[in-house]
2 protein chains.
Amino acid sequence: MKYIEKLRNSGLRPTKQRLQICEILFNTDKTFHFTINELEQKIKKQANNKISLATVYNTVHAFEKKGYLKQIPINSSETYFDTNVTDHHHFYDLKEEKLIDLDNSDVGPINILKKINGKKIKSVEVLVKLED
Amino acid sequence: MKYIEKLRNSGLRPTKQRLQICEILFNTDKTFHFTINELEQKIKKQANNKISLATVYNTVHAFEKKGYLKQIPINSSETYFDTNVTDHHHFYDLKEEKLIDLDNSDVGPINILKKINGKKIKSVEVLVKLED
DNA sequence: ATTGTAGTTTATAATGATTCTAAAAAAGTG
DNA sequence: CACTTTTTTAGAATCATTATAAACTACAAT
Ligand SMILES: [Mn+2]
Ligand SMILES: [Mn+2]
Ligand SMILES: [Zn+2]
Ligand SMILES: [Zn+2]
């Protein structure tokens, strides 16, 4: 299994639950956005083994903490996560409630001129809301 | 009362609850960010009259719908609102859990190059997360 | 392999922000 | 005032998320 090392190197034991979730999230060239609920559905469909909802939450948060997932800042009833952890931005289609990636090249360079004493910038994220 | 007309013109009856919330939110030169809970606290302190939590929610959502408040897209346990409804951006201090305004002049012009068929841009918001 | 231990999973309960409900109160109209 | 519509309200319901604590598992040391 290709994810065993990745998990071990992160200090996470490669359990079968985590490996299954790795397969769903990372075993593809395309990155994507998802909610916990959507991930839960994929897990159910994929195999006859079910993973406890608590474990799905735990795993997603563990992966986020390790930098394998990003949480997308958006006001929605559910939290969105992103398997694309590179710096990039998003369209949010208000009607469809769907996120669409915006590469850095789709958005000019963003230069934050204001500085806050004793704080440093961790991330700069642009959210572009779309309507019909 | 200076807010009676404003409310009437919006098709909202100027009730004493709405007027009191108007005073708290708009009777100042400075704009600010708040959660429903923080607004609730201010209401309690301000007067001996209490407003039902449901009414606070109703009023804030009504004002948002009329364009007198903006919801700030951020992942927090509580929803943040902004009395500054002009186009502007935010720092989010992760430690303090506080929002700080970023004027458009503090952020260069943002040019979204990608277009989505049949959709138009409603807003462009930058969130800059700060850490120590 | 057997044991011991820390880490993980799980079902379930708890939490808490937000929304819903339906009855009472207030506002607007004439 | 009489009538209609809107609003307020307390409390219940919702629901995503987190906490709990017991069972299970990975894994290293014996
Ligand atoms: Mn989370
Ligand atoms: Mn809302
Ligand atoms: Zn993305
Ligand atoms: Zn602001």
Query raised in the report: In whole Å, what is the span from the CD1 atom of Ile21(B) to the C1' atom of dT9(D)?
Result: 13 Å
Report task. Please identify each residue that fulfils side-chain contact (heavy atoms from CB on, under 4.5 Å) with Ser105(B), with sequence neighbours left out. Result -> Asp103(B)
Requested in this report: State the CZ-NE2 distance between Phe81(A) and His61(A), to the nearest 0.5 angstrom.
Outcome: 4.0 Å
Query raised in the report: Apart from Leu102(A) itself, what residues make up its hydrophobic cluster, given side-chain heavy atom links below 4.5 Å?
Result: Phe91(A), Ile100(A), Val107(A), Ile110(A), Ile112(A), Ile116(A), Ile121(A), Val124(A), Val126(A), Val128(A), Leu130(A), Phe91(B), Ile100(B), Leu102(B), Val107(B), Ile110(B), Ile112(B), Ile116(B), Ile121(B), Val124(B), Val126(B), Val128(B), Leu130(B)
Query raised in the report: How would you list, by chain and number, every residue that makes a ring pair (Phe, Tyr, Trp, His ring centres under 6.0 Å) with Phe63(B), sequence neighbours excluded?
Result: Phe26(B)
Requested in this report: Whole angstrom is fine here: how far is it from CD in Gln71(A) over to C1' in dT18(D)?
Outcome: 14 Å
Report task. Write out all pairs satisfying salt bridge (charged side-chain N to carboxylate O under 4.0 Å, His left out) with one or both partners inside residues 76-87 of chain B, taking only residues at least two apart or from two chains. Result -> none
Report summary line: Sequence neighbours excluded, the answer for side-chain contact (heavy atoms from CB on, under 4.5 Å) partners of Lys16(A) is none
Report task. Fit a plane to each ring of His88(B) and His90(B), take the angle between them on a 0 to 90° scale, and name the class: parallel (under 30°), tilted (30 to 60°) or perpendicular (over 60°). Result -> perpendicular
Query raised in the report: Which pairs with one or both residues in residues 105-120 of chain A pass salt bridge (charged side-chain N to carboxylate O under 4.0 Å, His left out), sequence neighbours excluded?
Result: Lys119(A)-Asp93(B), Lys119(A)-Asp132(B)
Using nucleotides 10-14 of chain D, report all nitrogen or oxygen pairs with the protein that are shorter than 3.5 Å.
none

Query raised in the report: Within the structure shown, what part of the strands sits under 4.0 Å from Asn58(B) by heavy-atom distance: base, sugar-phosphate, or nothing?
Result: base
Query raised in the report: Rounding to a whole Å, what distance do you find between Leu19(B):CG and dT7(D):P?
Result: 12 Å
Query raised in the report: Rounding to a whole Å, what distance do you find between Glu78(B):CD and dT18(C):P?
Result: 6 Å
Report task. Quick one, give me the B/S/- string for nucleotides 22-30 of chain D, reading 5' to 3', where B means a protein heavy atom under 4.0 Å from the base and S means that only happens at the primed atoms, P, OP1 or OP2. Result -> ----BS---
**Report entry** Nearest-Å distance for atom pair NE2/P, residues His61(A) and dT9(C)
**Finding:** 14 Å
Report summary line: Between CD of Gln17(B) and C1' of dT7(D) the distance, given in whole Å, is 8 Å
Report task. Determine: side-chain N/O of Tyr57(B) to OP1/OP2 of dT19(C), distance under 4.0 Å, yes or no. Result -> no
Query raised in the report: Quick one: bend of the helix from dA1(C)-dT30(D) to dG30(C)-dC1(D) from 5 pairs per end, to 10°?
Result: 30°
Report summary line: Taken to the nearest whole Å, CG/Leu7(B) to P/dA26(C) is 18 Å
Query - Per Thr55(A) side chain, nearest of listed nucleotides dA16(D), dT7(D), dT10(C) - result: dT10(C)
**Report entry** Residues which pass side chain to side chain donor-acceptor pair (under 3.5 Å) with Gln20(B), listed by chain and number, not counting sequence neighbours
**Finding:** Gln46(B), Asn49(B)
Requested in this report: For residues 6-15 of chain B, pull every pair meeting side-chain hydrogen bond (donor to acceptor under 3.5 Å, both in side chains), keeping only residues two or more places apart or in separate chains.
Outcome: Ser10(B)-Tyr68(B)
Report summary line: Rounded to whole Å, OH of Tyr80(B) lies from P of dA17(C) at a distance of 12 Å
Requested in this report: State which residues pass side-chain contact (heavy atoms from CB on, under 4.5 Å) with Thr28(A); sequence neighbours excluded, sorted by chain then number.
Outcome: Lys30(A), Phe32(A)
